[in-house]
Every structure is written in C-alpha cells, then in structure tokens.
Amino acid sequence: LLASAIVAGLAISANAQAAINLGVDDPLVFASELDDGTALATTADDVSVAIGYNFSNGEVRYGRFECSDNMTMDSVTLTEGGGNVTLGSINGEGTSALFFSMTGNGVASDADTIAFASNNTLEDGGTVSCSFSIYDQPSQAQAGGSTGRIYTTGSAAVITRASGFVFEMNAAGATGTVADVEDPNGAYFGFVGGTETFGSLTFDQATDVLKADGTQITLADIFDTDSTVTIDGDFSAAGDVGDIATFSFATSFDDDSATFDAFDTAGSGDLYYFETGDAPIQESEYTATLNAVANAGYTVSDVGPIHVGEITRNGTQLQAPLAQVPGNGWLSRMVLTNTGSVDRPYEIAVTGEAGNTIGTDNTTGTVPANGTVVVDLTDVMTSFTGSRRGTLNVTVAAPNSQIQGLYQIVNQTTGSISNHVMVRPGTN
C-alpha cells in the first residue's frame, strides 16, 4: 500500500510536468481549405510525449494515446526514448485512439519519452487535440476515460487550422480619393492632387500556414487560375481600372464593376481609377469579391463583398427628397444661393418612384457669385407617366460652405408658402 501511494504521488507530481509536443512549443497550423479526409504527407506532425510515470521492475501497465476524432492515425511506429519501458503491440490503428502494453525494468522512467510516428489524416477542419494516459487494465486503456487511469498528460492542441490566404482591405494602403470640384477640365473630371487611387486590397498567402506536405502554402496551391476578383462600384467615368501591385489592368469592366484575374491582384496594392476626362467622376463606395475556383484537394468559398475604398467629392450636393409640380395655380421652384466670389455651375438629376418616367430639361445652369438663382421646376420636370413628383439631386461645383439650397412650393390663390431646406446627403 505504501509503495502504491508513493507511485501515485510520483505520478501526480510528474503530471504537472507532462508534455505533448511536435518538437516545437506551438501547434502546427494547416490550411482550413484542405479537403476533409486529407492525408498529411509530412513527419512534422509526429508527436512525442513524456511517460511521466516510474515503473517497478516487471510492472505492466497500459498506455493510451488518443486524439480528437477529427484525426485518424495509421501505419504507426512507437519509439521509447530512454530504454526503461518496453512497449507492446499497437492496437487501434486507423482510428483516433491507440492503446498498448508498457513494461518497466525498475529504472526511473518518468523522464523517458514515447515518439508516435504515423500517417495522419485530417477528417475535418477543426483543432486536433491529443492526450496520453496510463491505465491499470488493457480494457480500461481501450475504453479511455477516468476509470483505472493512474496518469494522464491532459489534452493539448497539436494541430490547428487557419485560412491559407488573406483577402481584405489593405489598411496600410490608400483607401480612398477625392474628385475635385476645381479641376481645370470641369467639375469632378479629375482627382485632388491628380491622385487616382480609390482603394487598396491585400490578396496573399497567409504566413506560417501549411499544406499537406508540411510546407508553406501558396495561392497557387489553393486556387485554380480561373479564379477572379471583382471590384464593384461606379466606373462610369473610368477609361481603365488597374492594380498597382502588379501593374495589371482589369480584364473587363463596365460602369458598375471591374474584373481582374485573381493572380493579377496577388500581394498588397492600391487600386487605380484612370478617368476618361470626358465625364464627371461619381461618388461611390467600392467593394471586392473573390470568386474562388479551388484546385483539387481544396475547398474554397467565395469571399466578399468587402469594403476596399471609396471616391468622394469636395463640392456641394443637395437633395429635395420630394419635389412636386402639381400645376393648377401652384408654383414649384428651387432656390440656390452662392456666397462665394466665383460663379458656380450646377447640375440637376431627377429620379422618380418605380413606374414613373419623368421627362427633364434645363438641368444645368450657374449660380452667380454672391447671388441667387431661382429655378422654376416646371421647366425642369417637364412630363410624368405617373404622379407629378420626384426627387431632385443637385451638384454644385463649389465648396460646400458657400452653397445653400431651398425647395419651395407656393399656392398663388391662397398665398400659402411651404419652404424646405434642401438636405445634404450623408449629414444630419
């Protein structure tokens, strides 16, 4: 009884020093894109454990090495480091748990190790945790659990999973630009300072993430060459769209999106908007979507859309959300005031609810310096297929602080007046 108590005490003491390792302190990180059922073709995942228990001469116990059920082990070889414990035949190959006999020679064996070399298969994308325990009886070692267990290392993560690639806005890059109201070729025909960068994107391999052979994964391992990246946003004034990382250009684009070969955007780089110079640049948010096509052995989902940049304007934008042209003695008009010392051009865009097509005319004009212009909306909103109403979106090529707008409707018969200050989109 005394001897048993001493042995138990040694086991508890040794348990505090227990170790499960792969020759490094941290778990191995394999790509989460690897298919379920991928066999690992590397020795880097071989595990070593400290025995942590001192056997008497001729004492027989039973070891159990088990991992979470998302990894199975086959073609297993056990190597005892220290020479003080003889290991018996391995049972349980092809599963996630191995058990075997252990016989001591009477020399202190708690510092001895057992190396488990096996062909491991990752059955799913979760973390793989393993433990080593010693039991009284073979049936107890086969069953696992706490019954008959006299020593255990406890569970430790030996393999984790992480994405093998990064697809995100490159916060260190340029993530927006400003269309210039003072551009010499016309309001918003160029960018402030000539800068054409409207966003920035990182699409690259994740560092320290492994493929099945235990080496660093690359984009070419995961993605088929048919993979593409789509940038969505307003390109109505663009003559081309480029990626500065590889000095490549979109393989196709229209007013609403630009598509790149995925590998042309690899790395971290800024996205460039090359304006045509014959149309004003619109405000827009830009998002990127990775249209993923996986190579054999990998499963990849599309990523996005993610925000990668924007274009803003440094002029004035005003809106009358509901402008009516009722007729029958009513006046409907818009008033623009310019407190600056330079005449400023304006442009009106009219939109209506679904099914109401609105004819327009006289949508451009000038607000005089230190002056006011009154626009009769019957001259602007000239016809309707539905209700005689719509939304006015007005752009003035002037600093925001110099321009004010008012929408007014007047009943000439009763003299009643309704005034509404035009709102500035994006502000309270």
Side-chain angles (χ1 to χ4, degrees), residues 18-24 26-52 61-81 87-102 113-135 137-149 151-164 208-217 221-222 294-300:
I20 296 177
N21 64 70
L22 301 160
V24 293
D26 298 323
L28 295 176
V29 183
F30 284 91
S32 57
E33 293 78 19
L34 288 167
D35 283 345
D36 291 350
T38 294
L40 301 180
T42 175
T43 59
D45 59 333
D46 291 344
V47 176
S48 177
V49 301
I51 289 178
R61 301 288 184 177
Y62 299 90
R64 177 182 175 91
F65 178 73
E66 62 181 317
C67 296
S68 46
D69 59 9
N70 55 342
M71 187 180 82
T72 56
M73 297 169 281
D74 211 344
S75 302
V76 184
T77 301
L78 304 184
T79 303
E80 203 276 357
L87 307 178
S89 299
I90 305 165
N91 299 281
E93 291 194 66
T95 73
S96 57
L98 309 172
F99 53 100
F100 46 87
S101 65
M102 306 175 67
T113 59
I114 303 174
F116 295 83
S118 57
N119 295 335
N120 297 325
T121 299
L122 299 177
E123 303 297 348
D124 69 24
T127 295
V128 177
S129 296
C130 301
S131 64
F132 170 68
S133 302
I134 299 176
Y135 290 86
Q137 302 296 326
S139 59
Q140 297 164 343
Q142 181 177 5
S146 60
T147 301
R149 187 171 62 197
Y151 169 78
T152 183
T153 62
S155 181
V158 296
I159 290 175
T160 60
R161 307 294 292 277
S163 178
D208 299 322
V209 176
L210 308 178
K211 55 185 176 180
D213 67 0
T215 61
Q216 169 68 50
I217 201 162
D221 294 320
I222 304 172
N295 283 325
Y298 294 85
T299 300
V300 189

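Any value given below was found using the heavy atoms of this structure, including those in side chains, with hydrogens, waters and symmetry copies removed.
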Item to check | From L122, T127, D124, residue fulfilling side chain to side chain contact (heavy atoms under 4.5 Å, CB included) relative to N70 | outcome: D124
Checklist outcome for this item: Which of D208, V209, I159 passes side chain to side chain contact (heavy atoms under 4.5 Å, CB included) with V29? Answer is V209
So, for [X] and [Y], which heavy atoms are closest and what is the spacing to 0.1 Å?
X    : Y    : value
V128 : C67  : CG1-CB, 4.2 Å
S155 : S129 : OG-CB, 3.3 Å
P27  : A157 : CG-O, 3.5 Å

Report yes if some heavy atom in the side chain of [X] is under 4.5 Å from a heavy atom in the side chain of [Y]; otherwise report no.
X    : Y    : result
V76  : F100 : no
F116 : D46  : no
M71  : T121 : no
I114 : I51  : yes

Next on the checklist: Under the criterion side-chain contact (heavy atoms from CB on, under 4.5 Å), I'd like the reasoning laid out for Q142 against Y62: C-alpha separation, chi angles, the key distance, then a yes or no.
Outcome noted: CA-CA 9 Å; Q142 181 177 5; Y62 299 90; over 6 Å; no
Checklist entry - Looking only at side chains, do T152 and S133 share a donor and an acceptor under 3.5 Å apart? => result yes
Item to check | Side-chain donor-acceptor pair present, E66, S96, cut-off under 3.5 Å | outcome: no
Checklist entry - Step by step, would you call F65 with V47 a side-chain contact (heavy atoms from CB on, under 4.5 Å)? => result CA-CA 10 Å; F65 178 73; V47 176; 3.8 Å; yes
Checklist entry - E123 side chain to D69 main-chain N or O, any donor-acceptor pair under 3.5 Å? => result no
